Amino acid sequence: MNPADLSATLLAVVTRVLGRRGAEVAVGIGDVPLERPRNRDHGDWASNIAMKLAKPLGVAPRVLAEEIATELAATEGIAAVDVAGPGFINITLDAAAAGALARVIVEAGADYGRGDLYAGVTMNLEFVSANPTGPIHIGGVRWAAVGDSLARVFQSQGGLVTREYYFNDHGAQIDRFARSLIASWLGEPTPEDGYAGQYIEEIAARVVDAYPGELADIPDRAEVQEVFRSVGVEFMFGDIKKSLLDFGVAFDVYFHENELHESGAVEHAIDRLRELGAIYEADGATWFRSTDYGDDKDRVVIKSDGDAGYISGDLAYYLNKRERGFERNIIMLGADHHGYVRRLMAMTAAFGDTPYYNLEIMIGQLVNLVRDGVPQRMSKRAGTVVVLEDLVDAVGVDAARYALVRSSIDSQIDIDLDQWSRKTNDNPVFYVQYAHARTNAVARNAIAVGVDRSAFDAALLTHETESVLLGNLAEFPRVVRQAAELREPHRIARYSEELAGAYHRWYDSCRVAPQGDEPVTDLHRTRLWLNDATGVVLRNALALLGVSAPERM
RNA sequence: GCGCCCGUAGCUCAGCGGAUAGAGCAAUUGACUACGGAUCAAUAGGCCGGGGGUUCAAAUCCCUCCGGGCGCACCA
């Protein structure tokens with residue numbers, strides 16, 4: 001009996017009890033909580049439904065609980081139902097009903113854990129989106145890990161996900177980048193507000209090499225800058241793409257901001273807002289009346305000098321995504337951008353869409369670089385920036401991704417490169433990966449001595465550690481669903497650590513392969529199913545995190 | 001001044017109203033002539049930042065104060 005069956009059974013019982021009492025209270029499947037209690041003495045599953053319903057019914061919680069428990073206990077597959085504390089209903093499954101899950105999981109394979117929460121929903125996930133003025137520094141790395149993992153989670157819930165990188169190749173920052181390249185080429189000092197560092201020298205040299213003629217022969221400085229801009233950005237972009245791919249993150253769309261400005265999309269978006277009455281002129285500029293939609297001040301969309309204001313790109317981009325058919329649009333930003341949330345939600349409302357539904361903004365707290373416990377100030381000018389490659393070189397892709405995705409995005413992360421690289425055993429990713437490798441080793445050994453999956457008798461899985469392990473395995477689909485609903489992939493990492501622990505403890509007390517001259521029994525065969533089921537779930541969980549599941553370590 | 005995030009074991013962090021608040025690391029002590037010891041078992045470690053409130057029940061929700069991070073442009 002899996003959790004879904006048990007939920008349905010409990011709901012049916014509760015509905016019958018309510019009906020008998022002639023209660024006016026209606027309950028749906030979402031109203032009957034069922035959770036795994038921390039304490040093993042409280043059974044396999046527990047529900048507080050009686051306490052929830054006690055008040056509206058005017059009945060003592062324990063009385064209601066007893067009533068539900070009695071009927072529930074008569075259900076096949078349920079070994080015992082107890083009422084405890086203020087009115088908890090504690091349910092213990094019989095071994096056969098609980099153990100059947102092992103076979104279900106092995107047969108489902110990679111499909112175990114999938115759900116239909118976002119079946120058929122078009123979802124656009126925009127993340128990283130670092131400016132192409134330099135390599136991806138560690139601030140962007142967090143989103144590369146979390147955003148990609150979230151995309152995998154949504155996909156496992158049936159979402160039609162597009163990973164999108166907004167490539168900011170328009171505006172003053174790019175001009176500064178181009179001027180920095182020229183300065184490097186001419187051997188001049190880095191311009192004010194410019195970019196410095198080894199990578200600028202390299203990109204500049206590559207631009208010079210790539211140019212078919214002699215850059216020095218071009219008389220017009222603006223023309224030279226345009227060469228450095230377009231070619232330099234292209235090289236920078238290629239480097240960024242490569243490091244993301246090396247990190248295991250493949251974007252479906254790299255969207256160029258420039259395109260919005262050149263294609264007339266910006267005007268289109270402003271026109272649209274004008275039709276909707278959200279645009280006005282004042283002080284020689286064009287404004288978006290965002291205060292009508294909850295923003296704290298109106299925003300300039302066209303500056304008095306005729307240039308587009310910053311928000312106009314966002315307007316056009318959002319409208320473009322909607323016109324491309326995306327129902328759900330999620331943008332992931334660093335905490336230093338949280339001030340944008342209001343204006344972007346105002347924009348969403350102004351377009352007639354639903355804020356926090358058609359558009360969501362996820363804010364991730366910043367990542368600090370720490371050395372020997374002291375926060376390091378990163379400076380592009382001083383060249384003390386730690387970039388994606390540095391992190392990967394130091395600790396590897398799996399360890400880096402896992403460590404980044406393991407924490408809630410609401411908490412700040414300190415990255416101490418020395419510590420992360422030196423004390424790799426501190427990273428729980430190895431604990432989880434080791435558990436997976438162990439499931440493979442156990443299976444190899446078992447098969448070598450003649451254990452196979454030709455028999456499965458779930459009633460034999462009676463050991464304490466087996467029922468705990470089965471309970472953990474049963475939780476996986478709900479964990480994935482919850483991670484999707486809350487946009488919190490870190491839950492999957494935490495879950496995988498719990499599962500790995502349960503597996504290691506089971507391994508310690510239950511043998512799969514017979515030892516010595518022992519004959520192979522159905523117990524061994526059944527345990528092989530359980531072993532393999534654990535391997536499947538660990539593999540599926542790690543896949544959702546973008547971390548490899550090695551067969552040997 | 002206004003807004004967002006955080007404050008939980010020595011450290012790093014889980015815990016979207018439930019039972020005795022958990023894990024990893026660090027510390028102490030044990031377990032391999034048994035499927036991989038990157039493991040397991042045990043011990044120790046907590047006014048969940050302070051104070052009010054909401055209710056059968058608060059680390060969790062609300063208010064307030066303290067502490068830390070970040071943000072409040074016709075800059076991008």
Side-chain angles (χ1 to χ4, degrees), chain A residues 33 35 37-39 41-42 46 48 51-52 54-55 60-61 84-88 90 131 168 170-176 193 257 282-287 296-297 299-311 313 334-342 363-366 368 373 375 403 406-414 416 419 423-428 430-435 437-438 440-446 448-449 451 482 485-486 488 490-491 493-495 497-498 500-501 503-516 518 524 527-528 531 552-553:
Chain A
E35 56 185 35
R38 277 206 171 275
N39 191 333
D41 297 337
H42 298 149
N48 59 5
M51 288 182 289
K52 297 269 190 211
K55 190 153 207 173
F88 289 101
N90 295 333
N131 287 341
N168 199 316
H170 183 269
Q173 292 189 40
I174 293 295
D175 291 339
R176 290 206 287 271
D193 297 328
E257 182 188 1
D283 305 327
T286 303
W287 297 73
D296 45 13
K297 59 188 69 162
R299 306 292 169 179
V300 170
V301 291
I302 298 176
K303 297 188 278 188
S304 50
D305 66 5
D307 284 350
Y310 182 69
I311 197 174
D336 51 340
H337 290 80
H338 76 255
Y340 297 1
V341 175
R342 276 197 172 190
I363 299 297
Q365 296 303 307
L366 301 178
N368 300 309
R406 183 173 184 263
S407 303
S408 156
I409 56 164
D410 285 339
S411 62
Q412 298 182 19
I413 296 183
D414 291 336
D416 187 325
Q419 189 187 344
K423 301 169 71 180
T424 50
N425 284 343
D426 284 351
N427 193 327
F430 300 109
Y431 182 77
V432 177
Q433 287 183 317
Y434 180 67
R438 181 173 256 181
N440 281 82
V442 167
R444 281 194 300 269
N445 292 326
V449 296
V451 180
Q482 196 175 37
E485 277 177 326
L486 300 173
E488 291 184 349
H490 77 269
R491 288 169 182 278
R494 299 294 173 154
Y495 166 80
E497 290 166 31
E498 259 183 63
Y503 176 76
H504 284 310
R505 287 186 282 278
W506 173 69
Y507 168 90
D508 206 53
S509 45
C510 295
R511 290 192 54 93
V512 174
Q515 47 183 325
E518 279 181 10
H524 298 121
R527 281 180 173 165
L528 182 58
N531 177 77
R552 288 188 167 84
M553 291 176 71

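Protein chains get the first letters and strands the later ones, always in sequence-line order, with residue 1 at the start of each. From a predicted model like this one, the values you see are computed outputs, not experimental measurements.
In terms of position on RNA chain B, the residue among A:Glu497 and A:Arg438 whose nearest nucleotide sits closer to the 5' end is A:Glu497. Nearer to the 5' terminus of RNA chain B, by closest-nucleotide assignment, is the contact made by A:Leu486 (compared with the other of A:Leu486 and A:Pro37).
Between A:Tyr495 and A:Val432, every side-chain heavy-atom pair lies at or beyond the 4.5 Å cut-off.
Only the P atoms considered, B:rA44 is 46 Å distant from B:rG3, to the nearest whole Å.
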Any protein N or O atoms within reach of nucleotides 53-60 of chain B? Criterion: under 3.5 Å, listing atom names and distances.
unit_1 : atom_1 : unit_2  : atom_2 : d
B:rC56 : OP1    : A:Lys55 : NZ     : 2.3

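Which of B:rA34, B:rG36, B:rC4 sits closest to the side chain of A:Arg552 comes down to B:rG36. Side-chain atoms of A:Asn168 lie closest to B:rA76 of the nucleotides B:rC16, B:rG69, B:rA76. The side chain of A:Ala84 lies closest to B:rA19, out of B:rU20, B:rA19, B:rC40. Looking at the side chain of A:Pro428, the nearest of the listed nucleotides B:rG24, B:rC74, B:rG18 is B:rG24. In this structure, of B:rA76, B:rC70, B:rC13, it is B:rC70 that holds the atom nearest to the side chain of A:Ala335. The side chain of A:Tyr340 approaches B:rA76 more closely than any other nucleotide in the set B:rC4, B:rC13, B:rA76.
No hydrogens or angles were tested; on distance alone, a donor-acceptor pair under 3.5 Å links the side chain of A:Asn90 to the base of B:rA19. With hydrogens and angles ignored, no donor-acceptor pair closer than 3.5 Å exists between the side chain of A:Ser411 and the base of B:rC13. Residue side chain A:Asp336 does not reach the base of B:rG71 through any donor-acceptor N/O pair under 3.5 Å, judged by distance alone. Within 3.5 Å, no donor on the side chain of A:Gln173 pairs with an acceptor on the base of B:rA76, nor the reverse.
A:Tyr431 comes within contact range of the sugar-phosphate backbone alone, with a heavy-atom separation under 4.0 Å but no base atom that close. Residue-level contact check: A:Asn39 touches the bases, meaning some heavy atom is under 4.0 Å from a base atom. Using a 4.0 Å heavy-atom distance criterion, A:Ala46 is classed as a base contact. Counting any heavy atom pair closer than 4.0 Å across all strands shown, A:Ser509 reaches no nucleic acid atom.
Rounded to a whole Å, the OH atom of A:Tyr507 is 12 Å from the C1' atom of B:rA38. B:rA41 atom P lies 10 Å from atom NE2 of A:His504, rounded to whole Å. The NE2-P distance, from A:His490 to B:rG22, rounds to 18 Å in whole Å. Atom CZ of A:Phe430 and atom C1' of B:rA38 are 9 Å apart (whole Å).
The nucleotide B:rG71 finds its pairing partner in B:rC2, both defining distances of the Watson-Crick or G-U wobble pair being shorter than 3.5 Å. Pair assignment for B:rG22: B:rC13, on the basis of Watson-Crick or G-U wobble contacts that are both within less than 3.5 Å. Base-pair partner of B:rU33: not found among the strands shown (Watson-Crick or G-U wobble, both distances under 3.5 Å).
Contact between the side-chain N/O atoms of A:Arg491 and the OP1/OP2 oxygens of B:rG15 is found at a separation under 4.0 Å. Contact annotation: A:His337 does not reach the phosphate of B:rC4 (side-chain N/O to OP1 or OP2, under 4.0 Å).
A:Arg299 and A:Asp296 are joined by a salt bridge, as a carboxylate oxygen and a charged side-chain nitrogen come within less than 4.0 angstrom of each other.
Taking the six-membered ring for Trp and thresholds of 30 and 60 degrees, A:Tyr507 and A:Tyr503 have ring planes inclined between 30 and 60 degrees apart.
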